[in-house]
K.L.:
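Before we start, here is the structure in question, set down as structure tokens.
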Amino acid sequence: MPTWTLTVDIAAEPDAVWAVIGDPVGVPKWFPKYVSATGDEGTRTLVNDQGGELVERLLTRDDARRHCSYSVIAGAPVASHEASFEVVPEGTGSRVIWTTSTEPKDPAMDMEARLTPAQTEGLQTLKALCEG
């Protein structure tokens with residue numbers, strides 16, 4: 001399964017960054033692709049500006065480590081998917097590590113090329129939010 005990792009360094013304390021990125025329904029605050037999020041019983045539903053829904057299962061959460069993982073279960077052209085976030089100290093600030101593993105339903109689809117631009121935009125928005 002193709003796997004890639006994106007990182008961003010943020011001039012803010014790790015706990016402050018985790019408070020934003022670790023909020024299961026706070027995704028629309030930092031990921032411009034989504035306008036709303038709801039969650040319950042270990043799942044969350046993200047809605048984009050065209051009304052499309054992405055449903056994710058929240059797999060793990062470790063507040064002490066500032067780490068969580070999730071899996072897309074509906075709303076995307078994937079046969080399998082798992083991703084995680086971790087916030088680690090970096091210098092006087094933080095580093096966010098976003099790792100994604102996914103297998104598309106269509107083997108010809110390059111999921112990394114498809115997802116990386118939006119993920120990069122999300123990380124840059126997170127950086128601006130946390131540093132602002």
K.L.:
Looking only at heavy atoms, what is the nearest atom pair of Arg66 and Asp15, with distance?
P.N.:
NH1-OD1, 3.1 Å
K.L.:
For residues Thr99 and Trp4, determine if any side-chain heavy atom of one lies less than 4.5 Å from a side-chain heavy atom of the other.
P.N.:
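No; the side chains remain at least 4.5 Å from each other.
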K.L.:
Where is the tightest heavy-atom contact between Asn48 and Tyr34, given as atom of each residue plus distance?
P.N.:
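Result for this residue pair: N-CD2, 3.9 Å.
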K.L.:
Between Thr116 and Ala113 (side chain of the first, backbone of the second, donor and acceptor by atom type, cut-off under 3.5 Å), is there such a pair?
P.N.:
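Between the backbone of Ala113 and the side chain of Thr116 there is no qualifying donor-acceptor contact (under 3.5 Å).
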K.L.:
Is there side-chain contact between Glu53 and Ser36, with at least one heavy-atom pair below 4.5 Å?
P.N.:
no
K.L.:
Ignoring hydrogens, what is the shortest heavy-atom contact between Ala83 and His81? Give both atom names and the distance.
P.N.:
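The pair with the smallest heavy-atom distance is CB-CE1, 3.7 Å.
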K.L.:
Hey, are the side chains of Leu58 and Pro24 touching, using non-hydrogen atoms and a 4.5 Å cut-off?
P.N.:
yes
K.L.:
When you measure from the side chain of Asp62 to the backbone N and O of Arg65, does any donor-acceptor pair fall under 3.5 Å?
P.N.:
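Yes.
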K.L.:
In Å, rounded to the nearest 0.5 Å, how long is the span from CG of Leu115 to NZ of Lys33?
P.N.:
6.5 Å
K.L.:
Quick one, Ser101 with Thr3, criterion side-chain hydrogen bond (donor to acceptor under 3.5 Å, both in side chains). Give me CA distance, side-chain angles, the key distance, then yes/no.
P.N.:
CA-CA 4 Å; Ser101 297; Thr3 300; 2.7 Å; yes
K.L.:
Report the C-alpha distance between Arg44 and Thr38 in whole Å, list the side-chain angles of each, state the deciding distance to 0.1 Å, and finish with yes or no for side chain to side chain contact (heavy atoms under 4.5 Å, CB included).
P.N.:
CA-CA 5 Å; Arg44 73 174 157 213; Thr38 56; over 6 Å; no
K.L.:
Is the closest basic N to carboxylate O distance between Lys29 and Asp23 below 4.0 Å?
P.N.:
yes
K.L.:
Which one of Val96, Val20, Ile21 satisfies the side chain to side chain contact (heavy atoms under 4.5 Å, CB included) criterion with Ile10?
P.N.:
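The option that passes is Val96.
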K.L.:
When you measure from the side chain of Arg61 to the backbone N and O of Gly22, does any donor-acceptor pair fall under 3.5 Å?
P.N.:
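The answer is yes, because a donor-acceptor pair under 3.5 Å joins these two groups.
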K.L.:
Keeping the roles fixed (side chain from Glu56, backbone from Ser71), state whether a donor-acceptor pair exists under 3.5 Å.
P.N.:
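Between the backbone of Ser71 and the side chain of Glu56 there is no qualifying donor-acceptor contact (under 3.5 Å).
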K.L.:
Using side chain to side chain contact (heavy atoms under 4.5 Å, CB included), reason through Leu126 and Gln124 one step at a time and then give a plain yes or no.
P.N.:
CA-CA 5 Å; Leu126 175 68; Gln124 291 304 312; over 6 Å; no
K.L.:
Is any side-chain heavy atom of Pro77 closer than 4.5 Å to one of Pro104?
P.N.:
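Not in contact.
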K.L.:
Is there a donor-acceptor pair under 3.5 Å between the side chain of Ser94 and the backbone N or O of Ala12?
P.N.:
yes
K.L.:
Kindly say whether Glu82 contributes a backbone atom to a donor-acceptor pair with the side chain of Ser69 at under 3.5 angstrom?
P.N.:
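Not confirmed, Ser69 side chain does not pair with Glu82 backbone.
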K.L.:
So, for Trp30 and Pro32, which heavy atoms are closest and what is the spacing to 0.1 Å?
P.N.:
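Looking at all heavy atoms of both residues, the shortest contact is O-CD, 3.3 Å.
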K.L.:
Hydrogens and angles aside, do Gln119 and Thr100 bring a side-chain donor and acceptor to less than 3.5 Å of each other?
P.N.:
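Side-chain D/A pair, Gln119 to Thr100: present.
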K.L.:
For Leu54 versus Ala76, what's the shortest heavy-atom pair and its separation?
P.N.:
CD1-CB, 3.7 Å
K.L.:
Can you say whether the rings of Trp98 and Phe85 are parallel (under 30°), tilted (30 to 60°) or perpendicular (over 60°)?
P.N.:
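Rings of Trp98 and Phe85: tilted, as their planes differ by 30° to 60°.
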K.L.:
Is the closest side-chain heavy-atom distance between Cys68 and Trp18 below 4.5 Å?
P.N.:
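The answer is yes; the side chains approach within 4.5 Å.
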K.L.:
Using the side chain to side chain contact (heavy atoms under 4.5 Å, CB included) rule, take Val78 and Met111 through it: C-alpha gap first, then chi angles, then the decisive distance, then the call.
P.N.:
CA-CA 9 Å; Val78 296; Met111 292 302 290; 3.5 Å; yes
K.L.:
Just how far is it from atom CD of Glu90 to atom CZ of Arg95, taken to the nearest 0.5 Å?
P.N.:
4.0 Å
K.L.:
Report yes or no: is the cationic atom of Arg57 (NZ for Lys, CZ for Arg) under 6.0 Å from the centre of the six-membered ring of Tyr70, at an angle within 45° of the ring normal?
P.N.:
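Not satisfied by the 6.0 Å and 45° rule.
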